[in-house]
Number of protein chains: 2
Amino acid sequence: MATAVELLDAEGIGGLSMRRLADRLGSGAMSLYWHVDNKEKVFDLALDSVLEYREPPQTGEPRNWRGEVVHMLEDWRASMLRHPWSASLLPRRALGPNILGRLELLSKILSRAGVADADLNVAIWSLWNYVMGATVTRASFELSDDDRAVAQQRLTRLSESYPTIERSRLLLDSDWDGAFSRGLDFMLDGFAARQ
Amino acid sequence: MATAVELLDAEGIGGLSMRRLADRLGSGAMSLYWHVDNKEKVFDLALDSVLEYREPPQTGEPRNWRGEVVHMLEDWRASMLRHPWSASLLPRRALGPNILGRLELLSKILSRAGVADADLNVAIWSLWNYVMGATVTRASFELSDDDRAVAQQRLTRLSESYPTIERSRLLLDSDWDGAFSRGLDFMLDGFAARQ
DNA sequence: ACCTGAACACCGTTCAAGT
DNA sequence: ACCTGAACACCGTTCAAGT
């Protein structure tokens, strides 16, 4: 599986073919199919393998729940951005053990923090949605400089049609990390209000 | 383009090949390439073509900004779910005119509602992230009943490892629409707090 | 200006056959 | 139990050639 991740890192999602993976593995032609059902399974395994989370060591001091949530979610996003193919793999993938582990942890933190049981699932899915959307978006904007230039050019050409987003420089603002954590703060404010 | 959307609706993302599309179009073999650069462009066009938004007719009464935002975003999500392939197409796609139009509208509503300029882009991207994450997730869980059964089975088998999400039935809760709008409310609460 | 078909360089997957 | 290579049924894209 490590080899599949290497290949995806190096060549992107289109670069992984069963034939090339077999090659890279040194093993001859099609022996892969003895170990794995099909290409989908390879993607499932690669995705989950990249999402392992190790909680930071507990110091004696009481941790605050917001900090814990933020830490885990920022790590989640960072893990996926380290392997940009993982974002485009996300749709239609199974939930592997590492993903389930993160959801479990998130549940525990939030319910310990006093989020009502009735709101818990909504809160978790909201955070999930936020992280997944942010990651998918971020990865898809991380294109070549050429592409960025083209997008910028097109937008200024169309500035009469989209005056507001042109003025606020919505598409040019490149502080992705800052936007991510500030938006997360907004969301957590929303949860905290219902506690 | 309508034909491409039909084909995607009928057969999913894997069902669209340049050859089959040409066939369906009645046109012979490879004449597509005179009209379009490559397959990527076909996907770009298909995605945007499905995201047109018509604002609801303005009654004389003053509309509330939360209602407008919720309406547009729920329509956005619904449009994508009507064409499930659009969710998996989202990563790495260009922003077409319909998408830009929605972002422009959102900007206008929020800034009219009094969201500070400094918070505007963060708010918009947060909502974007939320909608995209929710849609991608929803579409990917809408698998065959077989798949759902397998997932459920696996989770109960692993209930010792994931007690909290097992207890809250996180993965079985099927009120997606309700979760979407309740989570959206949380977010808007967060924005309103900063006004 | 628009369409065509053959051709090239790939794919995923199966399967009989090997050790 | 594990690997192999040939074979099948596809792909996206190019390009010389047609109207």
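Note on naming: letters A, B, ... go to the chains in the order of the sequence lines (proteins, then strands), and numbering restarts at 1 for each one. Bear in mind the structure is a predicted one, so any value in this text is a computation, not a measurement.
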>> Any heavy-atom pair between the side chains of A:Trp125 and B:Thr137 that's under 4.5 Å?
In response: yes

> Quick one: does A:Arg102's side chain have a donor or acceptor within less than 3.5 Å of a partner on A:Glu52's backbone?
Replying inline: yes

>> Ignoring hydrogens, what is the shortest heavy-atom contact between A:Leu45 and A:Val36? Give both atom names and the distance.
In response: CD1-CG2, 4.3 Å

> Does any N or O in the side chain of B:Asp44 come within less than 3.5 Å of the main-chain N or O of B:Leu47, such that one atom is a donor and the other an acceptor?
Replying inline: no

> Under the side chain to side chain contact (heavy atoms under 4.5 Å, CB included) test, which residues partner B:Ser126, sequence neighbours left out?
Replying inline: A:Tyr130, B:Val122, B:Met187, B:Phe191

>> Under 4.0 Å from OP1 or OP2 of D:dC2: is there any side-chain N or O of A:Ser31 that close?
In response: no

> In chain order, what residues pass the side chain to side chain donor-acceptor pair (under 3.5 Å) check against B:Ser168, with sequence neighbours excluded?
Replying inline: A:Asn121

>> If you compare all heavy atoms of A:Arg182 against all heavy atoms of B:Ala118, which two are closest, and at what distance to 0.1 Å?
In response: NH2-O, 3.1 Å

> Nearest-Å distance, CH2 (A:Trp34) to P (D:dG5)?
Replying inline: 18 Å

> For the residue pair A:Ser49 and A:Asn98, what are the closest heavy atoms and their distance?
Replying inline: CA-ND2, 4.3 Å

>> Roughly how many Å apart are C:dC2 and D:dA17, using the C1' atom of each and rounding to a whole number?
In response: 13 Å

>> Less than 6.0 angstrom from the centroid, inside 45 degrees of the normal: does A:Arg138 satisfy that with respect to the ring of A:Phe180?
In response: no

>> For a stem of at least 3 consecutive Watson-Crick or G-U pairs with distances under 3.5 Å, i pairing with j, i+1 with j-1 and so on, which stems involve DNA chain D?
In response: C:4-8 with D:12-16, C:12-16 with D:4-8

> Heavy atom of residues 3-13 of chain A under 4.0 Å from DNA chain C: which residues?
Replying inline: none

> What does nucleotides 6-19 of chain C look like as a protein-contact string, B for base, S for sugar-phosphate only, - for none, at under 4.0 angstrom between heavy atoms?
Replying inline: BB---BBBB-----

> NE2 of B:His35 versus C1' of C:dC2: gap in Å, rounded?
Replying inline: 7 Å

>> Under the rule for salt bridge (Lys or Arg N to Asp or Glu O under 4.0 Å), what residues qualify as partners of A:Asp189, not counting sequence neighbours?
In response: A:Arg66, B:Arg194

